Amino acid sequence: MNFDLTDERQMLQDSLRRFLRDNQEALSASTRLGNSDNTLGFDAEIWAKLAELGVIGALFSEEDGGFGGAGFDLTTVFEELGRAGAVEPLLDTAILGGGLIAALGTEVQKELVEQVIGGEVHLALAHGEPNSRYDLAQVETTVIHEGDELVLTGRKAVVVNAEAADYLIVSARETGVANDEEGISLFLVPRDSAGLSLRGYPLMAGGRAAEVDLDGLRLSAAARLGAAGAGFAALKRASNRAEVALVAETLGAMEVATDLTREYLLTRQQFGRPIGSFQALQHRMATLLIELEQARSAVINAAGHLEATAAEQALHVAAARNLVGRAGRLVAEESIQLHGGIAMTEEYELAHIAKRIVMAEHRFGDTDTQLERFIDQSAA
Amino acid sequence: MNFDLTDERQMLQDSLRRFLRDNQEALSASTRLGNSDNTLGFDAEIWAKLAELGVIGALFSEEDGGFGGAGFDLTTVFEELGRAGAVEPLLDTAILGGGLIAALGTEVQKELVEQVIGGEVHLALAHGEPNSRYDLAQVETTVIHEGDELVLTGRKAVVVNAEAADYLIVSARETGVANDEEGISLFLVPRDSAGLSLRGYPLMAGGRAAEVDLDGLRLSAAARLGAAGAGFAALKRASNRAEVALVAETLGAMEVATDLTREYLLTRQQFGRPIGSFQALQHRMATLLIELEQARSAVINAAGHLEATAAEQALHVAAARNLVGRAGRLVAEESIQLHGGIAMTEEYELAHIAKRIVMAEHRFGDTDTQLERFIDQSAA
Amino acid sequence: MDLNYSVEEQAFRAEVQEFLSQKLPKEMSDAIRVGRELGKEGHEKWHAILNEQGWLAPNWPKEFGGCEWNAVQRHIFEEECCRAHAPRIVPFGLAMLAPVLQKFGSKEQQDHYLPRILSGEDWWCQGYSEPGAGSDLASLKTRAVREGDHYVVNGQKTWTTLGQHANWIFCLVRTDPDAKQQSGISFLLIDMDTPGIEVRPIILLDGTHEVNEVWFTDVKVPVENLVGEENKGWTYAKYLLTHERTNIAGVGFSRAGLDAVKRMAGSQMHRGKPLSENPHFAARVARAEIDLMAMSTTNLRIISRAASGQAPGVESSMLKVKGTEIRQEINDLARRAAGAYAMPFVSEALEGGNEPAMGPEGSAATAPQYFNNRKLSIFGGSNEIQKNIIAKVKLGGGA
Amino acid sequence: MDLNYSVEEQAFRAEVQEFLSQKLPKEMSDAIRVGRELGKEGHEKWHAILNEQGWLAPNWPKEFGGCEWNAVQRHIFEEECCRAHAPRIVPFGLAMLAPVLQKFGSKEQQDHYLPRILSGEDWWCQGYSEPGAGSDLASLKTRAVREGDHYVVNGQKTWTTLGQHANWIFCLVRTDPDAKQQSGISFLLIDMDTPGIEVRPIILLDGTHEVNEVWFTDVKVPVENLVGEENKGWTYAKYLLTHERTNIAGVGFSRAGLDAVKRMAGSQMHRGKPLSENPHFAARVARAEIDLMAMSTTNLRIISRAASGQAPGVESSMLKVKGTEIRQEINDLARRAAGAYAMPFVSEALEGGNEPAMGPEGSAATAPQYFNNRKLSIFGGSNEIQKNIIAKVKLGGGA
């Protein structure tokens, strides 16, 4: 048993933390609400430098051209992104997009992974639909075979990073009914393809997404990623990895929220003394710190089981997301409350951090959905 | 709209409160754990005086020979019993037993109601079974017709007040399968009948109950209470009334728990000052007082709808029991915690009061079961 | 004990319902239902509709043109307005300043300002909070120095709600710097067009411009704009705060919010069934509803006592805490119900522009409202302050 | 980062499992599994079995006959003992007094007392708490006055766990009444058979006789029973409290408790299905399990740091709070699972008499344990004190 970071990961953590701290201003500018001139949703220069630093490569295994890719590599990177409140779409381009291509792609398709690692290409996963909620198998978008061509029709909902993406990975149903795990295919589609249209918008916690309309999008069979109808397992695996990244990001954000709150309690005066001397607030702060350690352990458990069996992965990912969801909500709400009015203002750092924490729950399933998954997995 | 007690109920409250306060010692002696010499489970003299005071009569309508019987009569009486921590089985003898006989009995059977009001007769409802949990329709005890005789076989679980009861009201299934609402009959059975045996024991929160074995208990058709197979509606009505009484009792106990805690916080010194001057404890006390008012309102809602439609009754009873269950647990646990060690000792009043609060949840359905009922009723 | 409304109260409720069904514009109730903002014009329009009906000032005495409704009537009115998705009335002039003027203002002030509040000619905002003062109002620093027939005001107010629309502000200012704490404070009425006043927006974490900083630099205020006596402002401020506390429980808002959650959950599919049938979600909704049913009765108990002349005491603080907890929980349920569609932030859609919202009806507003309503437990006397008050009354301890 | 146990650690675990399967008497594990009490003889029997194996003193140095296991080994041992429903070892002599004697005791004291602890000849109890002192140990009042070669002790101790079985008690006594607070306290070993000692039972709210008051009236204690130096007792007491904090998280107990809840919920029918499949109950169990999984890892993180020589700091307080919250929640789940069968209080069944328990296996103990374990967050430094400690370290504020 060993809970220390390896030297490599420690170096990665140090250099990434330093880089993000040094670029706080640029990061902040790109993360704020209503920054509607930036339809990229993030800072392109920062992205290039992240690639240069090897941060994207750390998310891929050596086999896939990277130099990491294990659970603890993901958590090392994303905890730092969370601490910085960064909205740069590493989850979408690297973990989801890059991960799926690395897992399923042909040699030709896999060249994109190299470009992802180099920071030259952006990706998005166009999978969720208006009626799918958090159900990974719920795909109503259809594929019809017309001669050699495949015709996709449907709508994809809240596709994060769609506008910046060079390619979308689009899921569609080849056989079966809406909720079957069998029959889901994945396709690698250039974003500017005819028959594919986007309606982009900013997101509550920063970054951008789009509704994607597939109106008779015509593809050749070569656009398929992996075997026909066999996309579900890879989607599940990719979402597990994304969820581990997400809890680590939330953990980083929770660290900052509790740090900011602690500092505020020590400095802010009311009724002639620092408010951190009021015992009721002290005890609530203590509770936050306890839950922060719980969250840290849950992230470690999930990351440490990301190479385990599918059942163990599912169990620990659901457990971590449920716990981090609960602890995160508590930390976000209590941090705001303990600050008072100042935390309600957009310009104060905590406002953005709290939004990152809370809104993370809305990707891949909220705490209740995770609890259901945990219960199912425990009973299985 | 009017939230004041009527003059009659105010008088009832005053006289009952005075009586219970004056007899605190006798009440306490009968309520403590392990007081195993008293196989009655309560104080017989107190019982006689409660009857004399008209407290039992207040639980019955004029039509049934009493002078009350409405929801707010029940809550007035039981709130006081709860404040006193009394374990006297008014719930079992009067509300459940007497209530069922009043609702279903023949003229002859109803003579028992008069005796109940006079304090001369004790009753118990032998309905729950080892497998029924809190499901009112789950009856596995069978009735077989042998000539003119009815033969009952089965086991009844945790029958409160069974040993003291002169008669048991026994439920058994005449037709249908275990979970049907149809087919349940009720029988009025002398406790010393052949074929009926008791195994009595004390209860965690005071009072006594018994496992009741029905081993070929032979009855005549005249023992039936109400029509064959039609007992469910009356059982539901009786349990609604009992649950309203129960939440009022818990409310009374919660009042005492918060009062004791408040007094303790004001008097107990630690680190050189009263512990009630510590803000963390102050805020927790404030929370308890808020939840106490919530519980009071929930009790009023349930009592005020006890004469409404079956659906409204069910909705408000489930709501009140869920809320009082949650608030009661909080008050009981926090009162103990805010006291510290002293509250862990059997001789301190709060120990008994906390047990009354918590263990009430185990009659007719715990908070989750009540929540399920509320959800079902809301959807209906 | 009787949980039923009297025949008269039922008739009053029917009258309110009739009015709302006739006079509340559909585009307005539609906007409120899905959480869109009304803007200044919308507020002014609804203000005028209510004024025409004579129902703009429920709590004013009849002599000043008010309804003089009792607490139960006001409760019924508020409940029905929420149910019908009527806009909230901006309270600063009508519900906060007016009672102070009616009790402490001069005849001239009453005659001048009260009709202008009803007509909508004046839009008032509140100058109470200051940076660094928070819930600790007594430590305020804005100075007013008497110079001849004027006061000269210097300082800064903050959290001034809708100050960007206001042409008048009522302010607490320090007139005696040597007096202790709450003494030495005066209550001034200030024209926002006076030179030296600057309003700076504060953007809240949901992107809204709802509150402001108001800066005063050598602002000249005529002495006749003083309310009551100099250095007695704290008395008037406390009186105002008591009035601010009406409808503190927010039962109507919670009821409307819970209905919206149920509508959305009924339309969203989760694992092949409506989300409303999912036991985990249903349990959250049920608990919130059960809490709300009880608090609604607590509210009525207090209102009924107020209607019979008893003053609400520590119960207001209890209602504030529980009421905000329930509202915030309902906001949380709403964002959960919206699923992934809680994520988009389409400000045009929220502001009533042409851009349609994504996702199910009302989903666009769920996350902004969740974050915006964190303020409920902070502003208006934070829930911590309320608990201090409860403890002080019940335990006699200090903070 | 590596969540796996080393090969050596896995081999050690197998060895412990083998021992438990061979040597733990079935009637003993059966009793523990359903929550029955063992009584004095049961405790002594298990004590002897461990002593024979040489595993009675995991934390003692080998020179004193201990195992000298590291933190990870101790954790594995505790985990397996809980899983196998082994009895808990009475800690007062072995885990609390012994480390003090080993570090601060004289050679004579070590030679005399330590072997008698291992052999079970002496049963120790703890004389720390006093009425009115609670978590505020420094204010203790029991006096010891030196008279020749004796101290004369007068005063009262309370909450003395299993004092009714003990023949020796280690006490904190005040030897210098003029010294401030923690100075002037000494650490005395007292034979319970000395005249003037009276043990009075305190019956707890679950009917158990687990703790006692111990009264001292002119009790003569030989001066050689003083540990270390006079008036330095506070130093030894603090050292002891650090050792008391091992296994503070109670992961093993919680794990065993959760397994018991699941067994019971699997056997109880609720609306035609096992209770374990009811979504509301399953949700409670799942949340407790998720919390426990995380705390278990927090515990390992701290243990792993301790094994590499780093001292646990404020983390102990965090584990205490979370650990007791989880255990209490599991106790609550157990009484819920038992349904109406949580109500009977059949003390004979709990004490291992012939009277069979009502209801499903283990149900008889659920309510008593629920109430008894309210103590977890009160004794051993209440959770409020732990939060004060956390705040002091992290915020530097006083209480």
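Here is the naming used below: chain letters follow the sequence lines, and residue numbers restart at 1 for every chain. As a basis for the values below, the full set of heavy atoms in this structure was taken, side chains included, without hydrogen atoms, waters or symmetry mates. None of these values were measured; they are calculated from a predicted model.
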Which atoms of [X] come close to chain B, meaning under 4.5 Å heavy atom to heavy atom: side chain ones, backbone ones, both, or neither?
| X | value |
| --- | --- |
| D:Arg284 | side chain |
| D:Ala283 | neither |
| D:Asn372 | backbone |

From CA spacing to verdict: side-chain contact (heavy atoms from CB on, under 4.5 Å), B:Glu372, D:His270: CA-CA 11 Å; B:Glu372 278 186 322; D:His270 178 86; 2.8 Å; yes
For the atom pair [atom1] ([X]) and [atom2] ([Y]), what is the distance rounded to the nearest 0.5 Å?
| X | Y | atom1 | atom2 | result |
| --- | --- | --- | --- | --- |
| B:Glu347 | D:Ile202 | CD | CD1 | 8.5 Å |
| B:Thr345 | D:Ile203 | OG1 | CD1 | 10.0 Å |
| D:Arg271 | B:Asn179 | CZ | CG | 9.5 Å |
| D:Phe345 | B:Met359 | CZ | CE | 11.0 Å |
| B:Thr369 | D:His280 | OG1 | NE2 | 9.0 Å |
| D:Tyr341 | B:His362 | OH | NE2 | 14.5 Å |

Got [X] and [Y] here, is their nearest side-chain heavy-atom distance under 4.5 Å?
| X | Y | answer |
| --- | --- | --- |
| B:Met344 | D:Glu210 | no |
| D:Leu205 | B:Ile336 | yes |
| B:Met204 | D:Phe371 | yes |

Within residues 326-334 of chain B, residues adjacent to chain D where the heavy-atom gap is under 4.5 Å: B:Arg329, B:Glu333
Quick one: of [options], who has the most non-hydrogen atom pairs under 4.5 Å with chain D?
| options | result |
| --- | --- |
| B:Gln269, B:Gln138, B:Arg284 | B:Arg284 |
| B:Val358, B:Val160, B:Ile342, B:Asn131 | B:Val358 |
| B:Glu211, B:Arg133, B:Glu361, B:His339 | B:Arg133 |
| B:Leu350, B:Thr367, B:Leu371 | B:Thr367 |

Heavy-atom pairs under 4.5 Å with chain B, option from D:Arg335, D:Glu384, D:Gln268, D:Lys375 with the top count: D:Arg335
Best-contacting candidate, D:Val211, D:Asp332, D:Leu275, D:Thr158, against chain B by heavy atom pairs under 4.5 angstrom: D:Asp332
Side chain, backbone, both or neither of B:Leu136 within contact of chain D (heavy atoms, under 4.5 Å):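 It is neither, since no heavy atom gets under 4.5 Å.
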Chain D contact via B:Ala209 - side chain, backbone, both or neither, heavy atoms under 4.5 Å: neither
Any side-chain donor near an acceptor of the partner, D:Asn383 and B:Gln337, under 3.5 Å: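 No, no side-chain donor-acceptor contact under 3.5 Å.
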